[in-house]
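As structure tokens, the structure follows; a few thoughts come after it.
Convention: sequence-line order gives letters A, B, ...; per-chain numbering from 1.
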There are 2 protein chains.
Amino acid sequence: MSGAIPSTRDRIVSAAAKLFYREGIRAVSVDAVAEKAGITKRTLYYHFESKDDLIAAYLSMRDNPNLAQFQNWFSKAEGDVADKVQGVFLALAQAARHPRWKGCGFLRTAAELANMPGHPAIKAGVAHKKRVEDWFTDVLENADVGDQARQLARQLILLLDGALTVVLLQRDPSYMETAGQAARLLIRMSLPKPEDRCLS
Amino acid sequence: MSGAIPSTRDRIVSAAAKLFYREGIRAVSVDAVAEKAGITKRTLYYHFESKDDLIAAYLSMRDNPNLAQFQNWFSKAEGDVADKVQGVFLALAQAARHPRWKGCGFLRTAAELANMPGHPAIKAGVAHKKRVEDWFTDVLENADVGDQARQLARQLILLLDGALTVVLLQRDPSYMETAGQAARLLIRMSLPKPEDRCLS
DNA sequence: TTGTGTATATTCACTGGTCGGTATACTTTC
DNA sequence: GAAAGTATACCGACCAGTGAATATACACAA
């Protein structure tokens, strides 16, 4: 699948993605990206105006795959909407156990570029998180949570980004599971009760 | 209060704190810190082994004040424990509206140094967050949440760090208030019901 | 088919400046 | 005089970004 040999530009972005995600934005030099992509720095600057431009391209490229991963985890989980959202957190907990996992590239970049609120990379991060929140909202609206869908989706985003951040710092993926339980509880509270179903 | 002219070392750490928090760790050079502290770089290296050492000192210095701020906000809020925890989030929402607010220095440093798990600055961050979580646990244990105190405290940490992160990215402090509502709900669910008190 | 013009893509070599860290010597304080 | 603290000047490595020349590809005319 996905034939077509990657363009030079794509190879640059994908080399940048690996290095930026692994080591951080400012820790990676343009020279390092060029070398990893197997081209010269001058060629990189032919395809991108600046390092900032490259950073933005790196995050924009992660938008769709990241969201699709969440949707995939959701669709594969069993149960009602609360269980399925919890399933996303559980899958994330597994992902976080991979030794090369380093949290969320969008959030880490926002942290590193906190001093540049208008930076295109940060705008890409905002757009991505909004798409995830909108997707959560859709999912919840289709599940009878009344008019709470948007507010609930915001709570899920808070738990999700909180978990990504906490686990990155503490290196304890069990926080991801705690977040999943909290998410399920909050959703269940807004769900119409099928008879006597209570907690747990 | 707090008389005693600050030592050279203190002035260095406090200059570093301002710059590191404002612009990020890697974006700030040792030269910049030395200049801000009004000393030469050689003097800085007399007091600190390395830049990494200085970073760790910056975060260690923030541990107590940060926790004390949370405790202060909590103690000033009215109502039961759920309301008071919510008060912390509301106060934080106000703080986040300050133009120079840049999120949580511990989390931002963890994001920037994600590739160095053993870094002393990250250890300082883990220790700080553990102290906050332990304090939450104490507060909840004193409030009859049964054996849920630790788990609830972890959920509060997730919401707190989530809010700090989301608001840093999105620049929308209302997420802090959403987190506060979620926190209050989660606590209320574990609280013994005083007769008929419901939500809201 | 061959030659040529043009836009795209790439390379090598380089710039001015900054980085973390240091060698050495001077000054202050006890 | 000894120890602690500070200053000047410097190091080699690396940084983001650039100038000028070159290579490749394809369009179109002879």
Side-chain angles (χ1 to χ4, degrees), chain A residues 4-59 61 108-109 112-116 118-122, chain B residues 4-61 108-109 112-116 118-122 124:
Chain A
I5 49 173
S7 70
T8 299
R9 192 190 154 96
D10 288 345
R11 278 190 298 119
I12 295 171
V13 176
S14 123
K18 277 178 199 149
L19 293 175
F20 285 156
Y21 180 73
R22 187 194 305 160
E23 303 177 30
I25 301 292
R26 290 200 145 105
V28 171
S29 71
V30 175
D31 298 79
V33 174
E35 189 187 343
K36 178 112 182 165
I39 50 138
T40 64
K41 184 163 54 167
R42 198 65 185 84
T43 299
L44 189 153
Y45 275 100
Y46 175 82
H47 291 278
F48 298 92
E49 269 206 348
S50 63
K51 186 180 181 181
D52 286 334
D53 191 19
L54 179 60
I55 300 165
Y58 144 53
L59 286 184
M61 190 220 211
R108 278 177 55 211
T109 303
E112 205 164 344
L113 305 184
N115 208 19
M116 317 176 68
H119 195 290
I122 292 188
Chain B
I5 48 175
S7 68
T8 298
R9 190 190 158 97
D10 288 345
R11 278 190 296 119
I12 295 171
V13 176
S14 123
K18 277 179 200 150
L19 292 176
F20 285 155
Y21 180 74
R22 186 194 306 160
E23 304 177 31
I25 300 293
R26 290 200 145 105
V28 170
S29 70
V30 175
D31 299 77
V33 174
E35 188 186 344
K36 178 110 181 167
I39 50 136
T40 64
K41 186 162 53 165
R42 192 64 188 87
T43 299
L44 188 153
Y45 274 101
Y46 175 82
H47 291 279
F48 299 91
E49 270 205 349
S50 63
K51 186 180 182 181
D52 286 334
D53 190 18
L54 179 59
I55 299 164
Y58 145 53
L59 286 183
S60 300
M61 189 219 211
R108 280 177 54 211
T109 303
E112 205 165 343
L113 305 183
N115 208 20
M116 318 176 67
H119 194 290
I122 293 188

Within a reach of under 6.0 Å around CD of B:Glu35, are more than 12 heavy atoms found that belong to other residues, nucleotides or ligands?
-> no
Distance in angstrom units between B:Arg26 CZ and D:dC15 C1', rounded | 14 Å
Would you mind telling me which of A:Phe20, A:Phe48, A:Tyr21 makes a ring-ring contact (aromatic ring centres under 6.0 Å, His included) with A:Tyr58?
-> A:Phe20
Apply the side-chain contact (heavy atoms from CB on, under 4.5 Å) test between B:Leu59 and each candidate in B:Thr109, B:Ile122, B:Ile25; give the one that qualifies.
-> B:Thr109
Could you state the interatomic distance from CG (B:Leu54) to NE2 (B:His47), rounded to the nearest 0.5 Å?
-> 11.5 Å
Point-to-point distance, once rounded to the nearest 0.5 Å, from CE of A:Met116 to CD of B:Glu23 = 10.5 Å
Indicate, with a heavy-atom threshold strictly under 4.0 Å, whether B:Val33 touches base, sugar-phosphate, or nothing.
-> nothing
A:Ser29 side chain N/O closer than 4.0 Å to the phosphate oxygens (OP1, OP2) of D:dC15?
-> yes
Test A:Ile55 against A:Asp52 for side-chain contact (heavy atoms from CB on, under 4.5 Å), laying out the working first.
-> CA-CA 5 Å; A:Ile55 300 165; A:Asp52 286 334; 3.8 Å; yes
Whole-Å distance separating the CG atom of A:Leu44 from the C1' atom of D:dT18 = 13 Å
Measure the distance from CG on B:Asp31 to P on D:dT6 and round it to the nearest whole Å.
-> 17 Å
Between atom CD1 in B:Ile39 and atom P in C:dG21, what is the gap in whole Å?
-> 14 Å
Any idea which of C:dG20, D:dT18, C:dA23 is nearest the B:Arg42 side chain?
-> C:dA23
Closest of D:dA16, D:dA7, C:dT10 to the A:Thr43 side chain is C:dT10
Near DNA chain C, under 4.0 Å by heavy atom, which residues of residues 45-61 of chain B?
-> B:Tyr45, B:Ser50, B:Lys51
Could you give the CD-to-P distance, from A:Glu23 to D:dC15, as a whole number of Å?
-> 11 Å
